[in-house]
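Start at 1 with the first residue, then count along the sequence.
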Amino acid sequence: MPITPATATHSSSNGTADAILLELVDENGVTIGTEEKLAAHQPPGRLHRAFSVFLFDERGRLLLQQRALGKYHSPGVWSNTCCGHPYPGEAPFAAAARRTYEELGVSPSLLAEAGTVRYNHPDPASGLVEQEYNHLFVGLVQAPLRPDPDEVARTAFATPAELAERHGKDTFSAWFMTVLDAARPAVRELTGPSAGW
């Protein structure tokens, strides 16, 4: 895995990982403090800042990822291109670009803000809770993917029809449809009417 600001600043000199902190926010998205990542997801969950990325290829197909089986939260489920949490004080746009590169080994050729959505989604499998104020981003991917196997098990590009078929038979993240529906106006503007989003 490449050394990035994310990995470099969150491992200590003695080889142990530092606690990853999330930015706690109020209902308006105003920062009110920090909380350790796992603690913020324990029931009932603490409202924290997050982001979700939706990247499309030149044919208007959405890049999906299946989360690696080793992840502590929602392992093995399908979800949007990339999602995660900014570090305290990190701009959501910068965090979205950073994590897309860290997880998929590619930088978006275009990345644009697509609004925010607030939700509360318990994950039945893990017992964790997603209480998130989520910043949405849409964009284009034009370079070959180089997924980090510790983060991503598989990737797939899907048309709306292919996504509906996959969603009917595979397990998706608890938040997937909420963030996709919230991002749809920006997705349609990006991909055009012929893509069918």
Side-chain angles (χ1 to χ4, degrees), residues 6 22 25 29 48-68 71 73-87 90-121 123 130-148 151-197:
L22 305 187
V25 299
H48 58 273
R49 195 176 309 284
F51 64 83
S52 290
V53 177
F54 298 85
L55 296 183
F56 296 82
D57 67 6
E58 68 282 351
R59 293 167 49 193
R61 298 179 303 168
L62 173 60
L63 174 58
L64 300 170
Q65 72 154 273
Q66 184 184 30
R67 293 165 62 87
K71 292 180 83 75
H73 187 4
S74 302
V77 304
W78 286 91
S79 199
N80 49 294
T81 307
C82 179
C83 54
H85 309 94
Y87 294 122
E90 182 182 27
F93 184 94
R98 171 180 58 78
R99 282 304 291 165
T100 300
Y101 182 80
E102 290 173 355
E103 290 188 10
L104 295 161
V106 66
S107 295
S109 57
L110 171 74
L111 192 63
E113 294 183 10
T116 59
V117 63
R118 193 262 196 250
Y119 53 79
N120 175 5
H121 285 302
D123 176 38
E130 290 289 2
Q131 282 264 24
E132 294 189 329
Y133 187 94
N134 196 306
H135 297 256
L136 307 171
F137 298 93
V138 299
L140 300 173
V141 60
Q142 296 174 308
L145 303 176
R146 298 183 319 275
D148 177 350
E151 299 286 348
V152 180
R154 288 190 291 165
T155 61
F157 284 95
T159 64
E162 290 165 344
L163 174 60
E165 181 181 346
R166 185 181 290 273
H167 197 264
K169 64 182 172 113
D170 292 332
T171 304
F172 274 72
S173 63
W175 61 87
F176 175 73
M177 286 309 299
T178 299
V179 292
L180 176 60
D181 286 344
R184 276 187 201 273
V187 168
R188 290 185 188 115
E189 187 175 335
L190 176 74
T191 59
S194 63
W197 293 102

A.B. asks: For a quick test of reading the model, state the closest non-hydrogen atom pair linking A182 to L136 and the distance between them.
C.D. replies: CB-CD1, 3.5 Å
A.B. asks: Locate the shortest heavy-atom distance separating Y133 from V25; write the atom from each residue and the value.
C.D. replies: CB-CG2, 3.7 Å
A.B. asks: Could you pull out the closest heavy-atom pair between S74 and D123, with the gap in Å?
C.D. replies: OG-OD2, 3.7 Å
A.B. asks: Any side-chain heavy-atom pair from E132 and F51 closer than 4.5 angstrom?
C.D. replies: no
A.B. asks: Using modelled atom types only, decide if a donor and an acceptor are shared between the side chain of S109 and the backbone of L140 within a distance under 3.5 Å.
C.D. replies: yes
A.B. asks: Just so I know, are the side chains of Q131 and R118 near enough to count as touching, which here means a heavy-atom distance under 4.5 Å?
C.D. replies: yes
A.B. asks: What distance separates D148 CG from Y101 OH, expressed to the nearest 0.5 Å?
C.D. replies: 11.0 Å
A.B. asks: Which atom pair, heavy atoms only, marks the closest approach of C83 to E103?
C.D. replies: O-OE2, 3.7 Å
A.B. asks: Give the intermediate values and the outcome of side chain to side chain contact (heavy atoms under 4.5 Å, CB included) for residues L163 and L180.
C.D. replies: CA-CA 11 Å; L163 174 60; L180 176 60; 3.7 Å; yes
A.B. asks: What are the two closest heavy atoms between Q66 and G76, and how far apart are they?
C.D. replies: NE2-O, 3.0 Å
A.B. asks: Classify the ring geometry between F93 and F137 as parallel (under 30°), tilted (30 to 60°) or perpendicular (over 60°).
C.D. replies: perpendicular
A.B. asks: Please name all residues satisfying side-chain hydrogen bond (donor to acceptor under 3.5 Å, both in side chains) with S173, sequence neighbours left out, ordered by chain then number.
C.D. replies: S79, W175
A.B. asks: To the nearest 0.5 Å, how far apart are CZ in R154 and CH2 in W78?
C.D. replies: 4.5 Å
A.B. asks: Do L104 and V141 come close enough that some side-chain heavy atom pair is under 4.5 Å?
C.D. replies: no
A.B. asks: Should we count CD of E113 as having more than 12 external heavy atoms under 6.0 Å?
C.D. replies: no
A.B. asks: What side chain to side chain donor-acceptor pair (under 3.5 Å) pairs are there with at least one residue in residues 186-197, not counting sequence neighbours?
C.D. replies: none
A.B. asks: Would you mind telling me which of V152, T81, L55, T155 makes a side chain to side chain contact (heavy atoms under 4.5 Å, CB included) with L145?
C.D. replies: T155
A.B. asks: Classify the ring geometry between F172 and F176 as parallel (under 30°), tilted (30 to 60°) or perpendicular (over 60°).
C.D. replies: tilted
A.B. asks: Are the charged groups of E90 and R98 less than 4.0 angstrom apart, N to O?
C.D. replies: yes
A.B. asks: About how many Å separate NE2 of H135 and NE2 of H85, when rounded to the nearest 0.5 Å?
C.D. replies: 11.5 Å
A.B. asks: Minimum heavy-atom separation for R49 and P92, please, with both atom names.
C.D. replies: CD-CG, 3.9 Å
A.B. asks: Pick one: which of Q65, R99, R67 meets side-chain hydrogen bond (donor to acceptor under 3.5 Å, both in side chains) with E151?
C.D. replies: R99
A.B. asks: Given 3.5 Å as the limit, does a donor-acceptor pair link the side chain of N134 with the main chain of S52, or not?
C.D. replies: yes
